[in-house]
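First the proteins, then the strands, lettered A, B, ... as listed; each starts at 1. These values consider heavy atoms only, across backbone and side chains, with no hydrogens, waters or symmetry-generated copies. Source: prediction; values computed, not measured.
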Amino acid sequence: MVLISSNLLNVRHPIAYSSVRVSNECPTIFSSNFQLPTAKNNVSPITHSATPLVVEEPHQAISFLLDRSKRYTLEESKQLHSYIVKLGSSPNIYFINTLIHLYAVDGHLVDARKLFDKMSHRDVVSWTTLVDGYAKFGKMGDAKDLFDSMLERNVVSWNVMISGYGKCGDVEAARQLFDQMPERDIVSWNTLISSYVWNGFSEEAFEMFRDAIIENVLPNKVTFLSILPAVADLGCAFRGGYVHTLIFKTGIDVDGVLCSALVDMYCKCDCLEMAFQLFASNPARRNVASWNPMLAGLVRCNSFEKALDLFRTMQLQNVEPDYVTMIAILPAIANLGAVGIGKWVHSYTQRKKIRVNATLGSALVDMYSKCGCIELSLQVFTMVEHKTIELWNAMVAGLAINGQGKDAIELFYQMCVANLEIDDRSFAAVLNACSHSGLVDDGLEFFAAMKDVYKISPKIQHYGCIVDLLGRAGKLEEAKDLICNNMLIKPDTVIWKSLLGACKIHGNVKIGEFAASHLIELDPSDSSSYVLMSSIYDAAGQLNDAIMMRKMMNEAGIRKEPGFSLIESGGVVHKFFVADKSHPRSEEIYTMLDEMGSKLKSIGYVPNTKLVLFDIDEVEKEAAIYNHSEKLAIAFGLIDSVNGAPLHIVKNIRMCSDCHDFMKLVSDIYNREIVIRDQRRFHHFRSGKCSCMDYW
DNA sequence: ATAGGGTTAG
């Protein structure tokens, strides 16, 4: 794996790693005191001059006009226009062309056209500027009419037409013009390459790029900035390396922007190490856009802890997150259940007046849902103005995983009425809702409607929901029949695992063996098949078979995935493994755990040592049960939070039934709401009860 | 002296 170390960034953390919990795989992850950057108000980018133009003499108007760094409002452009008119009977053609440009770049095409028509003498630039105006605003009909009536064209005229077609999605037309044009320059090549990229034709874009190299066209920085996203999209490290080498060979200066594009490309080609090296060497590290691809890359590779670490480092360096950062980092926060950081990100958008559109809204809804804060998800959902199908899907899925099946179905119906195009993911969400809430009949109805009414052919995840649904309801034969006789796709490990999990709930050895054999055949290295089957045997009293299963696993050299629990406190995510003693406050934690044990026992709690398979005595079995990572995490949560605050835990594997009983009692005795997200679902413990109704 | 091509998310 890749080593991401903040040392590479030459960051000197101002805060000591006093309460850092470092896991085995991740050398530098969470440091204490998650710091909020100091708010600055200079955010909104200025696209137009804020103050009205003061033009004292015509000469000054000209320098305003020709200053390419400025953008003007329509009124200001008209003001400049009137000054130019005052200059005399035949104003310089340069000035008029620039005025046409001023009108055209902001889409004031009628004004631009009027000026163009009034000109007594026009040159190729006048024509091209207006053509470009039409092309930039999608009016390719007007652009083409004007382009066709041009008596004289140069390479720029052709390029603006190619660009126009490319931007409006007509790559065929763009390509035709490119082939027809009498001479091409590097901009022509760049334009066509980007046209392909924008429209998703990365392979074609790369072919174009290669043609350019073959034809000895010298690529420039823009060529590389255009082709790199295509290579990224293809995820082809080989071609990525080729492009990178060419950058070296052409001697082009790798500035911040080009470096960001390279980082992004390497991330998307799964070369995180290379990406990080480039990222660390980026000359523009004060720029957010250089951090965003690296963050997104880590998240994409499921390195959530490293992503959060980098996010923190970024803030220590006073680089302000932007909209793109939010979208990139929220899935990492969601995955780790770090709701404190999530809330901070949410409030940051409000403080910085970053508009929560449907995309950002979906990410926030997803994050809050995965942190078990469904009320906050609903709040965000309600606030977003133009709701997209993605947002609706995220909300339905959120209700589903939080066990609010009826609400999810209600929202799904609202979505149907809201005239949105229901897609396969909408059905996946609502089916998931049915399966989590045990709504068997509803689920089967939705499944049928999806196929028959909406004509959406089920994907593997839809089948997964139905198998889960049937299985959890105890209809194991029906579930098996669906898998064996009625699925149009080859069942994957998730399907078999669903069935096996159901067999565990309902204690069915026979179908369990059937599912386990398929599971082991498909993925012999997955420990969970052996572990699940072993516990099914154990529960059925077939102790010898249970031991045999464990033996099989051990002999194949398969290790059980170590269980861990995450709990966030004060902006830091703490990670606990089974019997973990490496936390700096370990002693306090174990003392707390003892205390909790006695309190619970005094009201009748009996540790369920039946779950411990090995032949050890009762005292040791009890200890083994107490060592489960979620118990350590909850003990830590109790001593490290204010009284009455809800505790959120994320676990990588499913909870055992003893931990489940334990949490119920803790929630009651300590008067705390406990939210635990395991591999499959949420458990909201309150006053001695769990939202899953002991059905999981 | 005026006109054209480009990075980060999903």
Test ring-ring contact (aromatic ring centres under 6.0 Å, His included) applied to [X] - qualifying residues, sequence neighbours left out:
| X | result |
| --- | --- |
| A:Y196 | none |
| A:Y323 | none |
| A:F137 | none |
| A:H462 | none |

Any protein N or O atoms within reach of nucleotides 5-8 of chain B? Criterion: under 3.5 Å, listing atom names and distances.
| from | atom 1 | to | atom 2 | distance (Å) |
| --- | --- | --- | --- | --- |
| B:dG5 | O4' | A:T191 | OG1 | 3.3 |
| B:dG5 | N1 | A:N220 | ND2 | 3.4 |
| B:dG5 | N2 | A:N190 | ND2 | 2.3 |
| B:dG5 | N2 | A:N220 | OD1 | 3.1 |
| B:dG5 | N2 | A:N220 | ND2 | 2.3 |
| B:dG5 | N3 | A:N190 | ND2 | 2.8 |
| B:dT8 | O2 | A:N292 | ND2 | 2.9 |

Residue A:Y94, side-chain atoms from C-beta onward, closest of B:dT2, B:dA3, B:dA9: B:dT2

Name the nucleic acid region contacted by [X], choosing base, sugar-phosphate or nothing; use a 4.0 angstrom heavy-atom cut-off, strictly under.
| X | answer |
| --- | --- |
| A:Y323 | base |
| A:V125 | base |
| A:T129 | sugar-phosphate |

In whole Å, I'd like the distance from the [atom1] atom of [X] to the [atom2] atom of [N].
| X | N | atom1 | atom2 | answer |
| --- | --- | --- | --- | --- |
| A:M150 | B:dA3 | CE | P | 15 Å |
| A:H101 | B:dA1 | NE2 | C1' | 14 Å |
| A:L228 | B:dA9 | CG | P | 13 Å |
| A:L295 | B:dG10 | CG | P | 11 Å |
| A:E390 | B:dA9 | CD | C1' | 13 Å |
| A:D366 | B:dA9 | CG | P | 18 Å |
| A:D185 | B:dA3 | CG | P | 15 Å |
| A:D123 | B:dA1 | CG | P | 15 Å |

Between side-chain atoms of residues 227-243 of chain A and protein atoms elsewhere (two or more places apart, or another chain), which donor-acceptor pairs fall under 3.5 Å?
| from | atom 1 | to | atom 2 | distance (Å) |
| --- | --- | --- | --- | --- |
| A:D233 | OD2 | A:S202 | OG | 2.5 |
| A:R239 | NH1 | A:E203 | OE2 | 2.7 |

With a cut-off of 3.5 Å and sequence neighbours excluded, list every side-chain donor-acceptor pair involving residues 324-335 of chain A.
| from | atom 1 | to | atom 2 | distance (Å) |
| --- | --- | --- | --- | --- |
| A:T325 | OG1 | A:N292 | OD1 | 2.7 |
| A:T325 | OG1 | A:D322 | N | 2.9 |
| A:T325 | OG1 | A:D322 | O | 3.4 |
| A:T325 | OG1 | A:D322 | OD1 | 2.7 |

Flag, side chain of A:D185 to backbone of A:V187, donor-acceptor distance under 3.5 Å: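 Pair found, side chain donor or acceptor close to backbone of A:V187.
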
A:W127 side-chain N/O to A:F147 backbone N/O, donor-acceptor pair under 3.5 Å: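 Answer holds: no.
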
Pairing residues for A:D253 by the side chain to side chain donor-acceptor pair (under 3.5 Å) criterion, not counting sequence neighbours: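 Checked A:D253 against side chain to side chain donor-acceptor pair (under 3.5 Å); zero matches.
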
Positions of residues 421-431 of chain A (non-hydrogen atom under 4.0 Å from DNA chain B), listed by number: none

